[in-house]
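Read the structure below first, then the notes.
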2 protein chains.
Amino acid sequence: MSSSPVPRVPESRSERKERTRRAILDAALDQLADESFGSLSLRRLTKQVGIVPTAFYRHFSTLDELGLALVDESFATLRAMIRDVRRGEPAPDTLIDRSVDVLSAQLDANMAHFRFIGRERYGGVTVVREAIARELALFERELATDLARMPGLERWGAADLALLAGIFVNLMVAAAGEMVSPEAEDAAVRRGIEDTLRRQARMVVVGAAGWRPLGG
Amino acid sequence: MSSSPVPRVPESRSERKERTRRAILDAALDQLADESFGSLSLRRLTKQVGIVPTAFYRHFSTLDELGLALVDESFATLRAMIRDVRRGEPAPDTLIDRSVDVLSAQLDANMAHFRFIGRERYGGVTVVREAIARELALFERELATDLARMPGLERWGAADLALLAGIFVNLMVAAAGEMVSPEAEDAAVRRGIEDTLRRQARMVVVGAAGWRPLGG
DNA sequence: AGTTTCGGTGAACGCATGTTCACTGAAAGG
DNA sequence: CCTTTCAGTGAACATGCGTTCACCGAAACT
């Protein structure tokens, strides 16, 4: 369970420091599967890492700072995802399926990050909640510019594109939030959630194509 | 701040008990504006109520039970809302506006309930999260049967209606979650969130009317 | 009037919390 | 080789935690 900093092979100081920092972030993500950030305990956290409580302060000056680091990391994952989608040619009719496939793959690889965003988006710790809101707004704008290139949406105004992007982000984060539940560790349940997301996204985007192209 | 049980007018025993129970629920809802249920403290809670910590156990056998009571209460509010919408004649073209108006009014009157649902839906306390998921699934089904009566959706299958209902619930809970932020106490920000919800709901339902009527 | 019921009290319990401080020992740098 | 740097240590701190228990006093019941 604990990934303690045991230098089997001699390490440089900075290597060791980075490894401990990683271990703290990983332990936090692990414990955040079962509780909210607001109820994280420094002592339980450091115990899992295998260091003494005070050593934590060598890496973060406060627990809130840990939270912000987790937000950064989680949104790095999210941005990597959208880059992954763009990398494939944007054949518009397969875009949704491709997007959901990528999301599904990223959910597998980085479940803790998505769970963190879903859980703390409206969570109790103000500084974390605000950081997520900020990043999510940024992500939403990125998504809106991507949507602008889709067939049927070329002539949409920025306001409508923003609304649509907001809908997709809500669907995505909600799906990520569903994955929080222990049941979702069952592959079949996971598939069901993904499938619902896929169908809902398709429903929205196909519907949107029939939406009046301009106006606010 | 504290609404302590001071019997200015003589009360019956059951009246007093009910009043204290209410005070506990209200104090909890109040404190849950700033933190998650998982980090609620029995001592801070009872201090705000104006009773001694042990007195709490005269009303709830555990904090989790308090959480479940809050879930019940919050969904009673939500159900009252959908009843309110139905009470007006279901003139389909004004239904969205009417729904969002009702939601807005209910958000004013019962903000703490919606905030609770939004915040704990994916929160850290399993028993509360599961109770909300259960109630939300129920609400979703109710909504789906209402949607079935809307023009353009009469011939939809149950599966598609469920998907659509899920989209609406996500939009609604997300909007409720946005209200969590202290900024949302500014009326203009509130209006903005409501307006976004209104437009997104309209976008989805108008789009949905253009969706293929059958299939899975 | 006498007895029972019960919501609220206050002390006490053992334990976990975040943060402080002077410290150690090995890596880094002169 | 000697000095400086610094991640991690361990004791100590005051504070807050949930829960227990015997107790009180007024309402409720007979």
Side-chain angles (χ1 to χ4, degrees), chain A residues 2-28 31-32 34-69 124-128, chain B residues 2-28 31-32 34-69 124-128:
Chain A
S2 80
S3 48
S4 80
V6 185
R8 312 174 58 90
V9 170
E11 278 175 309
S12 83
R13 202 125 86 173
S14 63
E15 281 171 341
R16 180 180 166 83
K17 177 159 191 181
E18 178 52 30
R19 202 162 59 92
T20 302
R21 186 188 145 93
R22 248 286 36 95
I24 293 175
L25 290 166
D26 288 342
Q31 300 197 352
L32 286 172
D34 302 320
E35 57 181 321
S36 306
F37 185 80
S39 57
L40 258 193
S41 144
L42 179 76
R43 295 177 111 98
R44 272 184 289 119
L45 182 66
T46 52
K47 173 169 279 183
Q48 178 167 343
V49 175
I51 56 176
V52 97
T54 42
F56 172 85
Y57 295 104
R58 302 290 179 200
H59 303 272
F60 305 94
S61 65
T62 162
L63 276 173
D64 280 0
E65 202 178 293
L66 206 213
L68 295 179
V125 178
T126 306
V127 46
V128 170
Chain B
S2 83
S3 46
S4 81
V6 184
R8 311 175 58 90
V9 169
E11 282 174 309
S12 82
R13 202 125 86 172
S14 63
E15 281 170 340
R16 178 177 168 86
K17 175 158 192 180
E18 178 52 29
R19 204 163 57 91
T20 302
R21 187 187 143 93
R22 252 281 37 94
I24 293 175
L25 291 166
D26 288 341
Q31 301 198 352
L32 286 172
D34 302 320
E35 56 181 322
S36 306
F37 185 80
S39 58
L40 257 194
S41 146
L42 179 77
R43 294 178 113 98
R44 271 184 291 121
L45 182 66
T46 52
K47 173 168 280 184
Q48 176 167 343
V49 174
I51 56 175
V52 99
T54 42
F56 172 85
Y57 295 105
R58 303 290 181 200
H59 302 272
F60 304 94
S61 65
T62 162
L63 277 173
D64 279 1
E65 202 178 292
L66 206 215
L68 294 179
V125 178
T126 306
V127 47
V128 170

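To find a chain, count down the sequence lines: A is the first, B the second, and so on, and within it residues start at 1. Source: prediction; values computed, not measured.
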Starting from [atom2] on [N], measure out to [atom1] on [X] and report it in whole angstrom.
| X | N | atom1 | atom2 | value |
| --- | --- | --- | --- | --- |
| Lys17(B) | dG8(C) | NZ | P | 8 Å |
| Ile51(B) | dG7(C) | CD1 | P | 12 Å |
| Leu45(B) | dT19(D) | CG | P | 13 Å |
| Phe56(A) | dG18(C) | CZ | P | 9 Å |
| Arg21(A) | dG8(D) | CZ | C1' | 17 Å |
| Arg16(B) | dG25(D) | CZ | C1' | 11 Å |
| Arg19(A) | dG8(D) | CZ | C1' | 13 Å |
| Leu42(A) | dG16(D) | CG | C1' | 16 Å |

When you compare the protein's N or O atoms with those of nucleotides 10-14 of chain C, which come within less than 3.5 Å of each other, and at what distance?
unit_1  : atom_1 : unit_2   : atom_2 : d
dG10(C) : O6     : Thr54(B) : OG1    : 3.0

Which atom names give the shortest non-hydrogen contact between [X] and [Y], and what distance separates them?
| X | Y | answer |
| --- | --- | --- |
| Ile24(A) | Leu45(A) | O-CD1, 4.0 Å |
| Pro53(A) | Arg43(A) | CG-CG, 4.2 Å |
| Leu40(B) | Ala28(B) | CD1-CB, 4.4 Å |

When you measure from the side-chain N and O atoms of [X] to the phosphate of [N], is any distance below 4.0 Å, counting only OP1 and OP2?
| X | N | result |
| --- | --- | --- |
| Ser41(A) | dT17(C) | yes |
| Ser12(B) | dA27(D) | no |
| Arg44(B) | dC17(D) | yes |

*Could you check Arg16(B), Lys17(B), Arg19(B) and say which one makes a side-chain hydrogen bond (donor to acceptor under 3.5 Å, both in side chains) with Glu11(B)?*
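That would be Arg19(B).
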For this session: List for me each residue that meets side chain to side chain donor-acceptor pair (under 3.5 Å) alongside Glu35(B), sequence neighbours excluded, and say none if there are none.
Result: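 Result, side chain to side chain donor-acceptor pair (under 3.5 Å) vs Glu35(B): Ser39(B), Arg44(B).
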>> Going by side chain to side chain donor-acceptor pair (under 3.5 Å), name the residues that satisfy it together with Glu65(A), two or more places apart in sequence or in a different chain.
In response: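 Glu65(A) satisfies side chain to side chain donor-acceptor pair (under 3.5 Å) with Ser61(A) only.
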Which pairs, protein N/O on one side and nucleotides 3-5 of chain D N/O on the other, fall under 3.5 Å?
unit_1 : atom_1 : unit_2   : atom_2 : d
dT5(D) : O2     : Arg13(A) : NH1    : 3.0
dT5(D) : O2     : Arg13(A) : NH2    : 2.6

- Non-hydrogen side-chain atoms of Val49(A) and Asp26(A) separated by less than 4.5 Å: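 Of all side-chain heavy-atom pairs linking Asp26(A) with Val49(A), none is under 4.5 Å.
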Exercise. Do Leu25(A) and Arg22(A) touch side chain to side chain, with heavy atoms closer than 4.5 Å?
Worked result: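 Sidechains of Arg22(A) and Leu25(A): in contact.
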For the pair Ser36(A) (side chain) and Gly38(A) (backbone), establish whether a donor and an acceptor sit closer than 3.5 Å, ignoring hydrogens and angles.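 Side chain of Ser36(A) to backbone of Gly38(A), a donor-acceptor pair under 3.5 Å: no, none is there.
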Inset, instruction - Please round to the nearest 0.5 Å and tell me the distance separating atom OG of Ser14(B) and atom CZ of Arg21(B). - result: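 One gets 13.5 Å once the value is rounded to the nearest 0.5 Å.
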Check your understanding: Going by the ring-ring contact (aromatic ring centres under 6.0 Å, His included) test, which pairs reach into residues 36-59 of chain A, not counting sequence neighbours?
Key ->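 Output for this query lists Phe56(A)-Phe60(A).
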Check: Counting only non-hydrogen atoms, which of residues 57-67 of chain A are less than 4.0 Å from DNA chain C?
Finding: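 Output list: Tyr57(A), Leu63(A).
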Checking Leu63(B) against Val125(B) for the side chain to side chain contact (heavy atoms under 4.5 Å, CB included) test, could you report, in this order, the C-alpha distance in whole Å, the side-chain angles of both residues, the deciding distance, and whether it holds?
CA-CA 11 Å; Leu63(B) 277 173; Val125(B) 178; over 6 Å; no
(request) Would you classify Leu40(A) as touching base, sugar-phosphate or nothing, given that sugar-phosphate means primed atoms plus P, OP1 and OP2, and contacts are heavy atoms under 4.0 Å? (result)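 Sugar-phosphate contact only - Leu40(A) comes under 4.0 Å of backbone atoms but never of a base.
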